[in-house]
Amino acid sequence: MPMSEQFNTAFETLGKDAQWNPSWLKALRKDSYESFLATGLPSRKNEDWKYTSTRNLTESTFGLILEETATREAVEPFFVDDAHHLVFMNGVYQNELSNRPETVTIQTLREALGTDQDLIQPCLDSDGDSLTVLNQAFFSSGIFVRVKKNTVVEKPIQLLFLQRKTATNHEAMISPRNVLFIEAGAQVNIIESHFGDGASPHFTNAVSDIFVKDQAQCQYVLERSFGPDTRYVSKHTFHIGRDASVESFNLALGGKLNRSHLEFRLSASGSSAKLDGLYIGRDDNHIDNVTEVVHLAPHTSSSQLYKGVLEGNSRAVFNGKITIVKNAQKVDAQQLNKNLLMSPDAEVDSRPQLAIDANDVKCSHGATIGQIDSQELFYLQSRAISREDAKRMLASAFIGDVISRITGTHFTKHVQDVLQSFGGAVP
Amino acid sequence: MLNIENLHVRVDEKEVLKGLNLTIKAGEVHAIMGPNGSGKSTLSKVIAGHPEYTVTSGTISYDVNFRPKNVLDMEPDERARNGLFLAFQYPVEIPGIPNVEFLRAAFNAVCKHQGVDPMETKAFETFVREKAKMLEIDSSFLDRELNVDLSGGEKKRNEILQMAVLNPRLALLDETDSGLDVDSLRIVSEGVNKLKSEDNAIVMITHYHRILNYIKPDFVHVLADGRIVRSGDVSLALEIEDRGYDWLLN
């Protein structure tokens, strides 16, 4: 099917919504759409997409959802306890179900397009990859957050994106665009959640820019738990200032296509990023993690641990790039990716990559792909524990350390609960 | 309780046990001695069901509900649920699994098998603390990861703690005494003696006579080149201590 057929109706629908199309944006959207149609979806010839096919995106005629309501009963089970919740159903903001904090400026992106053009526009004219460009043409969801200087936000802020079957039962493209400014010295904990069950074949294409200014601190949990038909790609860019820090945790469970690309730009001395992740695939799930850490200044540091457990026919990719530019001396960059294959048909492609242009740096990377250790399995079985239970215990033990790296019992418990609802490391 | 007849076992392509016979009854303590490489550890692992060993001929039967059952048809966990226990010569370290959780999973697997309700976390902790005290194990030890960073002696004590929790009918102690200092040996042996009863049996695999001073065997067997070449009472162990094994070979 030609791509224009897949997207034209949606683009026309969006074009009729004035608030999503302020005058300054209209031309950019059109250019982006044309540019996307000319480039197309990423192919496997693109190194970043070598192990992930976008073919399952080429057969759908995507609808666009601009109106949708949800009930409290439907969304509450997904709430992080004791937090501010900003709720979206199929990409549409649910004002009645959301509670915005008083100390933080939070607007839907739709509102912010009219009021904060000066902050949003610079994020848009980037020369991104084709999916970012696609988002630029279509974004019709998302949030604008501004945490003022030296503000410490006590409760976490949850951006909750839920999906369900549409009234007309068509496949939708949900395109959130999030812009977050954490001003100098501010502190905030964000959790961005995407949940879609077996009834959701939708395609989410999310783009977020997070500016963490000097001495600010941001904890950012990105979690996705999907059914077998859900498709999701996202690009997050963290712009990290002097002595500022980001602690991210990236949880990816299930999905037909479940890909995140997290970029950390350590732009000034003393900035640091901790990026940990856990991904679990089973059946025909495909999970793709791209991490990109760019050390642009001396005395910056990054550490990352990504772990995956793959069952059934599932497949995962870990693509971890660390770049250290010229003169970025005294950089400390650590990266480790570990995988546990629970079935002979599961597959992992792990590609840790370093590009170092400075000579006085401390850098390490590594990747392992293993199976359940037969001696450990026998030991547990010899203590009356069934083979299945023993495997479950060993898989849980394998992921224990990466979960324990999440700061704060609040998020730790939440992540454990989400994992539990998915069926644990091994069901 | 356990009856082994004409057991032949291969590891990789090598035949390690070459027609071994052994009968163990309830209430008995057996010691199996023998030179290195004679097949002692193989015997204990085959009884426990280690997947790396292939039985090429012979039988192992074990009484379940007073009826002999073919052990070789049972998975290792099924054997354990029916009261077979192997104290490992080299206990396996498993990072990420707390000792107490492991013990509770093992205990509750047996409960389930016996149709008894599983024990709750709190009740189990009280229960396991009592057992740990008997083996002079510090209770902080229970919260540590399974066997991780334990000394050789601590690992061996942990094996006997597992035995105390599971209360097996037939316990195979594979060189539980090696690597133990005198005090640990005494504590471990006293623990084993407390677990001994008329209804269960113990098989000790050992190189040394000294554990036999603490746990008195009813029978001593010498295993050499894959067979039991001599059986006797405790005086056989004393004779080996004196004369070595050479006189028993050939």
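We use all heavy atoms of the structure for the numbers below, so side chains are in, but hydrogens, waters and symmetry mates are not. In the text below, chain A, chain B and the rest are named by the order of the sequence lines, each starting its count at 1. Treat the numbers as computed from the prediction; the structure is a model and nothing was measured.
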B:Phe107 versus chain A, the contacting section by heavy-atom distance below 4.5 Å: neither
Residue A:Ser404 versus chain B: region with a heavy atom under 4.5 Å: neither
Side chain to side chain contact (heavy atoms under 4.5 Å, CB included) between A:Asp389 and B:Asp77, intermediate numbers included: CA-CA 10 Å; A:Asp389 284 346; B:Asp77 47 299; over 6 Å; no
Which atom of A:Ala397 lies closest to which atom of B:Pro95, heavy atoms considered: CB-O, 3.5 Å
Gap between atom CD of B:Glu159 and atom OH of A:Tyr379 - 0.5 Å precision: 3.5 Å
Step-by-step side chain to side chain contact (heavy atoms under 4.5 Å, CB included) determination, A:Leu394 to B:Ile97: CA-CA 8 Å; A:Leu394 291 169; B:Ile97 299 183; 4.1 Å; yes
Pairing of B:Glu78 and A:Arg387 as salt bridge, 4.0 angstrom limit: no
NE2-OG distance between B:His50 and A:Ser374, expressed to the nearest 0.5 angstrom: 6.0 Å
Largest heavy-atom contact set with chain A, pairs under 4.5 Å, which of B:Pro91, B:Ala109, B:Pro51, B:Ala106: B:Ala106
Within 6.0 angstrom of B:Asp149 CG, more than 12 heavy atoms from elsewhere: no
Reported NZ-to-OG distance for the pair B:Lys112 and A:Ser386, which is rounded to 0.5 angstrom: 7.0 Å
B:Phe88 and A:Phe378 aromatic ring geometry - parallel, tilted or perpendicular at 30°/60° bounds: tilted
B:Asn70, CG: over 12 other non-hydrogen atoms inside 6.0 angstrom: yes
Chain A contact via B:Leu146 - which portion, at a heavy-atom distance below 4.5 Å: side chain
Atom of A:Ala384, atom of B:Arg81 and distance for their closest heavy-atom approach: O-NH1, 3.0 Å
Heavy-atom proximity to chain A below 4.5 Å, by part of B:Pro98: neither
B:Glu52 and A:Gln375 side chains, donor-acceptor separation under 3.5 Å: yes
